Amino acid sequence: MVAVVLTSQGLTADVVVHRSENFRLELCLSIPSGKTVALLGPNGSGKSTALAAIAGLISLDSGRILFNGVTLDDPATGAFVPPERRKAGVVFQNYLLFPHLSVLDNVAFGLRSRRIARGEANTRAREWIERIGLTGMENRKPADLSGGQSQRVAIARALAITPDLLLLDEPLSALDISTRSELRHMLKEHLTNFDGPRLLITHDPTEAFLLADEIHVIEDGTVTQVGNADEIRLRPRTQYAADLAGFNLIMGTARSGIVDTGVQPLYIANNEIAGPVLATIHPTAISLYLEPPKGSPRNSWSTTVYRVERFENRIRLSTGPPLPVTVEVTEQAKTELGLKPGTQIWVALKATEIGIQPGRFS
Amino acid sequence: MVAVVLTSQGLTADVVVHRSENFRLELCLSIPSGKTVALLGPNGSGKSTALAAIAGLISLDSGRILFNGVTLDDPATGAFVPPERRKAGVVFQNYLLFPHLSVLDNVAFGLRSRRIARGEANTRAREWIERIGLTGMENRKPADLSGGQSQRVAIARALAITPDLLLLDEPLSALDISTRSELRHMLKEHLTNFDGPRLLITHDPTEAFLLADEIHVIEDGTVTQVGNADEIRLRPRTQYAADLAGFNLIMGTARSGIVDTGVQPLYIANNEIAGPVLATIHPTAISLYLEPPKGSPRNSWSTTVYRVERFENRIRLSTGPPLPVTVEVTEQAKTELGLKPGTQIWVALKATEIGIQPGRFS
Amino acid sequence: ESSSEYDSTGSFAPTPSGEDQVLVSAATSLTAVFAELSSEFESANPGIDVVLNFAGSTALREQILEGAPIDVFASADRSNMQRAVESGEVEGRPEIFARNVLQIAVSAGNPADVTGLDDFARSELLIGLCISTVPCGELAREALAKEGVTPSIDSVEPNVRALLTKVEAGELDAGITYLTDVLFASDAIEGIDLPSGQNVIAEYPIAVLTNARSPAAAAMFMKFVLSGEAQSILHEYGFISP
Amino acid sequence: MPFQQRSITTGRSPILLVVLGLTGLTFFVVPLLGLLWRVPWKRTPDLLTSQMVLDALRLSVIASLAATAISCVIGVPLAWLLARAEFPGKAIVRSIVTLPLVLPPVVGGTALLFALGRRGLVGGPLNQVTGLLMPFSLWGVILAATFVAMPFLVITVEGALHNLDEKHERAAASLGASRWMVIRRITVPMIAPSLIAGLALTWARAFGEFGATVTFAGNLQGRTQTLPLAVFVALESDRDAAVAISMIMVFVSLIVLIALRDRWWR
Amino acid sequence: MPFQQRSITTGRSPILLVVLGLTGLTFFVVPLLGLLWRVPWKRTPDLLTSQMVLDALRLSVIASLAATAISCVIGVPLAWLLARAEFPGKAIVRSIVTLPLVLPPVVGGTALLFALGRRGLVGGPLNQVTGLLMPFSLWGVILAATFVAMPFLVITVEGALHNLDEKHERAAASLGASRWMVIRRITVPMIAPSLIAGLALTWARAFGEFGATVTFAGNLQGRTQTLPLAVFVALESDRDAAVAISMIMVFVSLIVLIALRDRWWR
Ligand SMILES: Nc1ncnc2c1ncn2[C@@H]1O[C@H](COP(=O)(O)OP(=O)(O)OP(=O)(O)O)[C@@H](O)[C@H]1O
Ligand SMILES: Nc1ncnc2c1ncn2[C@@H]1O[C@H](COP(=O)(O)OP(=O)(O)OP(=O)(O)O)[C@@H](O)[C@H]1O
Ligand SMILES: [Mg+2]
Ligand SMILES: [Mg+2]
């Protein structure tokens with residue numbers, strides 16, 4: 001178990017939860033007041049489980065959750081604060097709107113639960129409904145809303161209670177592109193004025209990079225990397241983190257300026273480093289040629305185009321063996337080189353474009 | 001009502017559905033066999049409603065749905081083919097997995113419904129479970145899956161039946177970044193071998209651009225633009241479509257090389273055009289200066305920075321009045337100019353960078 | 001305030017206080033006649049209110065044994081009364097106030113052509129009797145035994161009511177019940193008298209109970225039931241004076 | 001609603017279902033017709049206004065509604081505990097709750113007498129201390145009706161609670177709702193149709209209760225004689241009246257059940 | 001399950017609920033104790049092996065299970081039609097289904113006689129054509145039990161169907177499942193707890209049925225005398241025997257109900 005630094009303000013969670021024979025979550029997390037931590041990780045890595053444990057919806061198997069000095073859950077001592085007394089605002093991944101209550105009553109539910117008078121609660125709920133752009137739908141039942149509308153109601157319901165702790169499980173995943181950026185900004189603003197800790201679960205790196213102070217990458221129940229957006233982006237430590245940032249991530253063993261990848265040696269600009277390293281290469285740093293290139297790039301090999309995709313207004317291709325990489329080129333280059341799956345090409349890559357950090361895949 | 005060209009192969013849907021006093025869907029759609037149409041649109045624009053009508057889960061108020069020459073729904077004649085005889089594979093936005101059945105039984109359900117023997121159905125279901133990466137979870141109940149795992153089961157369940165018609169409602173929204181691109185490719189491949197029409201609903205332009213042959217932009221129950229990825233991207237006709245593509249979209253009236261926007265005239269490179277126009281400007285085409293620029297750009301005005309965001313490895317800012325625009329700059333430029341909300345700046349924009357098409361917001 | 005709504009026992013007493021109430025538990029077969037007797041009694045004694053409690057004699061005895069606040073018990077047989085006496089629930093001695101004789105009940109028109117007890121041996125007929133543990137069943141079997149008839153029984157009914165219902169509906173061709181039951185059953189039932197030599201007599205005892213709330217009024221009611229006036233009413237309903 | 005969709009799932013019903021369902025219906029309709037056939041319609045209005053019937057009607061309505069209300073107040077919590085709480089001996093408790101369903105009502109009434117009569121296990125001491133006497137009072141009628149009818153509510157509601165996914169209740173708790181608030185505003189409304197079905201069953205059973213009442217509370221006109229007891233009395237003296245009173249029961253129950261169910265369903 | 005979480009929502013129960021729930025429980029426990037107090041334990045084994053009790057037990061078990069099975073086959077479809085199909089006169093049909101709940105069982109039995117007896121509305125012609133005779137036979141017992149017990153199933157299942165969101169059924173239809181398959185593989189399993197509660201109620205009501213049976217089917221040992229009839233008969237002569245037979249009923253029903261519910265719940 002990882003030792004946890006106990007700060008008196010904020011959330012400190014040392015979470016150990018078994019969910020099935022094959023899955024055990026073991027997560028150490030500390031969110032100071034006023035800060036946002038994003039959990040990024042593949043499906044089934046335990047993000048929602050961590051949120052449920054912090055919200056008090058499932059109990060720990062071992063570990064401990066502390067919030068502003070109060071123990072919320074500690075199986076060792078049996079201490080357990082039930083969810084209704086944790087004052088957390090939670091947006092659930094599947095919303096969990098109350099099907100028998102109107103939109104207004106859903107948003108007002110948390111307020112009414114906190115013994116705020118009906119009139120006052122409704123007024124505040126209506127403000128939130130306006131803020132999420134659903135004015136006029138106050139009396140609808142959740143079944144009569146579209147997917148994105150439901151998610152907005154879930155967000156309003158969680159924020160309306162002015163919680164001590166915010167727990168957001170993919171809060172923007174069903175929103176259209178305009179609403180998403182609007183709500184992201186609303187959220188960002190709201191977070192600035194909110195001084196509790198907040199946990200954001202997301203699959204969208206942009207969202208994490210924009211909203212979080214610190215990102216925890218979690219894979220198969222354990223944290224594989226912690227850092228701010230730039231650290232994750234520029235020095236990803238796992239294939240998943242590299243995918244997030246769009247980087248190529250290659251593992252190998254460095255010795256005198258060469259990384260042995262097992263398939264294709266990579267020349268790097270750093271002669272000192274030795275031992276296991278992670279090499280990161282941005283897709284735009286790789287050039288493609290139809291003929292063997294004769295020029296400055298020290299790395300080059302022949303391969304075939306495997307896949308061609310357009311990402312917004314950029315073209316991304318994946319190459320085949322010996323060392324599969326993702327390459328980004330312009331539309332023009334694509335046309336000129338006639339790039340399509342199966343095209344024989346040469347890859348060229350400057351040694352200086354290869355980022356090197358010691359370590360191995362975790 | 002729009003006239004529908006009746007092709008004998010493929011799907012022709014002229015859908016009119018009232019959902020509430022404020023919402024009426026009126027959509028005309030024709031998907032030839034072997035083609036994919038993507039529906040893109042903001043929340044509550046009627047995408048899921050259209051899908052439900054085509055799947056036969058709700059009935060038309062008027063209009064007509066034809067599939068391979070067979071009338072599926074026609075309120076005028078009373079013809080209605082019930083959903084179980086439409087042979088559609090549907091991925092629902094909220095998955096709708098059967099909570100009491102295991103993952104295996106969920107995936108095999110459609111096969112068993114088509115009277116395929118249990119053994120055969122299970123074998124095929126197992127193949128699909130492997131394909132979506134959930135081997136080992138065959139006996140789990142949906143409640144014991146993570147969000148993304150559930151969505152994958154929903155995809156497998158829909159594809160396993162080898163339907164005549166595929167209807168996918170945001171099939172990849174809950175998937176992590178790696179699985180998403182993997183499943184996108186799996187889907188793309190699957191679609192290539194599948195010769196029925198397919199309808200894809202998504203909020204992700206990348207997904208639409210990658211998978212669809214034609215994109216219908218739908219807003220508030222009506223189609224506002226139809227075209228392929230490039231057409232939507234380069235000539236968006238609504239604010240929403242422009243947001244999708246990341247373009248600035250400005251409406252105004254052109255006369256002798258100037259577009260009157262009501263706030264700030266824009267000089268354009270086209271003197272011929274006159275009347276209402278839509279001007280599109282890519283965010284990278286706009287330059288920022290701390291002093292009034294003296295150079296070639298014919299458009300320039302002073303404004304303040306309103307918002308600064310990082311998108312992957314790019315910096316995007318929004319400016320304030322008179323003419324709010326989104327600008328994309330490098331990290332370096334951001335640091336050099338000290339760009340942050342409130343900074344006073346000058347915007348400069350070459351006339352040649354402004355795309356012009358006749359028309360107005362629809 | 002609320003105490004005026006309840007008497008001292010806590011039971012619900014809707015009648016104005018000051019009026020004596022007599023609770024009379026009477027066997028089901030006395031339903032009609034006791035209704036008339038009680039109204040006669042009430043009009044003769046305006047200060048007394050008679051409340052009737054009809055159920056099977058056994059159920060009534062059960063209630064009394066469990067301490068029910070009953071004043072008068074009118075049973076349809078001696079044995080239930082005897083149990084009450086043995087349990088010390090009876091004040092004084094029970095008296096027989098009425099007798100009843102058996103009659104054969106057949107559906108209207110007598111489609112099976114039943115003439116007497118001998119027909120009860122005919123196996124092609126659908127024959128019903130009361131169960132032997134209730135008086136009408138016991139007595140019927142006694143009568144049949146006296147005649148040496150072995151009945152071919154198709155149904156053993158738990159009470160007179162169930163037996164009559166089936167005869168009336170035509171499910172049974174014949175059954176043996178009391179004269180009083182047949183007399184006041186619907187038109188769908190006819191009675192066939194038994195010759196007096198074949199008949200057996202049922203006796204109905206009445207008694208005031210030790211638990212009585214209004215012993216005086218209870219005694220008055222019992223006395224009334226034994227009086228000539230009451231006896232003539234009982235006679236109208238087919239009962240025989242003791 | 002003008003925008004209500006014709007429901008697709010229910011557009012056409014499978015033939016087999018319709019056939020079986022109609023067979024089921026026949027089961028109820030034929031005996032009812034048999035009864036209606038024999039109702040002495042002419043005499044019914046007179047009977048309706050007789051003191052005995054009016055008294056019985058009043059008592060029946062009061063007692064059955066009281067029994068339903070009591071069942072609701074103490075039966076729903078019991079159902080909740082059975083479905084949601086963990087405690088030892090749960091299987092036994094659940095079985096005990098089902099007993100009054102199986103016990104012949106007359107035996108149930110006897111059991112009540114044994115327990116709550118003046119010489120009963122609890123009733124004896126109670127009577128000596130407080131002077132309270134359950135049998136032969138309206139309280140006795142209500143008690144008997146509650147005893148036989150409450151299991152219907154408990155079992156129906158427990159079944160519905162098992163059907164209900166707890167995730168919405170968890171979500172409500174996370175929003176700060178106390179346990180009690182969750183039950184009141186989430187759990188109960190979400191099982192409303194089953195709750196109402198249970199209440200309907202309970203009320204109907206209480207309204208039709210005969211055996212336990214006649215044994216425990218007696219058959220005193222104006223005091224404990226409910227409609228079924230009046231039917232029993234009438235069966236002995238006046239057959240037609242019995243059928244007519246039954247039709248009154250049927251009529252009243254139709255009104256109550258329609259009020260209870262069709263008003264709150266959908 | 002080794003990985004079962006302690007359920008949070010149910011961790012502690014609100015005091016008020018516990019108090020009310022326990023009060024509810026008292027309601028059942030006290031009369032039961034009253035009964036147990038008086039059970040002639042010594043004589044019970046003898047009674048248990050008497051031919052009369054054995055016959056009655058056999059008949060009761062057969063008839064109650066048959067009535068439950070029939071109710072299931074025709075009552076569930078009826079419930080489905082009431083909840084999901086649109087047809088005119090639905091409110092009336094629903095009310096008719098509730099009638100046997102309210103009708104005093106003796107009147108119900110009379111209605112059955114009027115309808116299905118030898119001279120009955122339907123029974124008469126039926127008897128003349130086929131020679132079939134319902135009363136005084138096991139069929140009569142089953143019929144009477146079904147008539148009074150089926151409404152419990154219909155109403156419980158209808159309530160549960162109203163609770164069930166149709167969206168899963170729609171999804172199943174879109175996957176090609178026929179209406180019938182949807183009902184069998186989606187609808188019924190999804191309401192299983194309520195269905196089982198309804199079956200438990202139905203079985204218990206059928207098992208305890210007395211009034212309609214005695215009126216319609218008679219009381220012939222070995223042919224139509226079920227346990228409740230045996231109890232009733234015993235009550236007339238030998239109260240101890242009646243209580244002992246009741247305890248046998250209680251015991252059997254505990255076994256059946258535990259088998260029915262605890263096996264299939266959770
Ligand atoms: N109730 C449960 N019982 C058993 N296993 C479960 C249960 N709920 C979740 N799991 C498993 O625990 C793991 C973590 O699930 P969790 O929901 O925390 O994932 P997640 O990170 O939120 O994924 P996603 O991005 O797909 O939502 C998964 O492998 C999942 O299958
Ligand atoms: N059952 C219903 N009753 C009334 N209105 C409804 C119902 N279902 C949806 N609507 C409304 O119809 C409109 C279209 O809904 P639909 O679900 O088709 O939107 P959508 O395009 O799928 O949106 P999203 O991207 O949020 O899923 C919305 O305004 C919604 O509120
Ligand atoms: Mg999750
Ligand atoms: Mg949708």
Side-chain angles (χ1 to χ4, degrees), chain A residues 48 51-59 72 81-102 105-116 118 121 125 139-144 153-154 156-169, chain D residues 1-10 72 76 79-81 83-87 156-157 159-199 260-266:
Chain A
S48 300
L51 178 138
I54 295 172
L57 303 180
I58 59 175
S59 51
L72 296 185
V81 175
E84 65 268 26
R85 293 216 307 275
R86 296 199 182 186
K87 299 204 82 181
V90 189
V91 174
F92 295 94
Q93 192 170 8
N94 46 354
Y95 321 150
L96 293 181
L97 300 182
F98 305 126
H100 59 292
L101 297 182
S102 67
D105 290 342
N106 262 285
V107 176
F109 185 89
L111 298 168
R112 304 273 293 121
S113 294
R114 276 140 217 257
R115 307 188 174 288
I116 292 169
R118 178 188 301 276
N139 296 323
R140 291 250 189 110
K141 290 286 161 66
D144 300 341
V153 175
R157 189 178 68 172
L159 297 182
I161 54 172
T162 52
D164 286 353
L165 174 65
L166 255 184
L167 305 169
L168 311 171
D169 200 345
Chain D
M1 274 231 303
F3 303 104
Q4 183 121 43
Q5 282 280 329
R6 63 173 143 120
S7 169
I8 294 305
T9 330
T10 65
C72 195
V76 172
W80 191 90
L81 290 177
R84 293 291 162 84
E86 292 298 332
F87 55 88
T156 318
V157 170
L161 285 173
H162 279 283
N163 258 350
L164 185 68
D165 199 321
E166 279 181 61
K167 62 191 181 212
H168 287 102
E169 295 167 84
R170 294 225 188 88
S174 84
L175 283 163
S178 64
R179 211 61 59 91
W180 185 244
M181 173 116 177
V182 170
I183 289 169
R184 204 167 52 80
R185 293 209 50 206
I186 306 296
T187 316
V188 168
M190 285 186 79
I191 59 162
S194 282
L195 178 62
I196 287 168
L199 285 174
L260 191 65
R261 309 203 313 162
D262 292 325
R263 193 127 158 241
W264 291 327
W265 276 13
R266 313 204 153 239

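Below, chain A is the first sequence line, B the second, and so on; all start at residue 1. Just so it is clear, the structure is predicted and the values come from calculations on it, not from any experiment.
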All ring-ring contact (aromatic ring centres under 6.0 Å, His included) counterparts of A:Phe109, not counting sequence neighbours: A:Phe98

I'd like a table of the N/O donor-acceptor pairs between chain D and chain A - cut-off under 3.5 Å, distance only.
unit_1: D:His168; atom_1: NE2; unit_2: A:Leu97; atom_2: O; d: 3.1
unit_1: D:Ala173; atom_1: O; unit_2: A:Glu84; atom_2: N; d: 3.3
unit_1: D:Leu175; atom_1: O; unit_2: A:Arg114; atom_2: NE; d: 3.3
unit_1: D:Leu175; atom_1: O; unit_2: A:Arg114; atom_2: NH2; d: 3.2
unit_1: D:Arg185; atom_1: O; unit_2: A:His100; atom_2: NE2; d: 2.7

Separation of D:Leu175 CG from A:Leu111 CG (nearest 0.5 Å): 9.0 Å

Leading residue by heavy atom contact count with chain D [cutoff under 4.5 Å; candidates A:Gly89, A:Pro99, A:Ala55]: A:Pro99

Between D:Ala171, D:Gly176, D:Ala172, the one whose heavy-atom pairs under 4.5 Å with chain A are most numerous: D:Gly176

Side chain / backbone / both / neither for A:Ile161 at chain D, heavy atoms under 4.5 Å: side chain

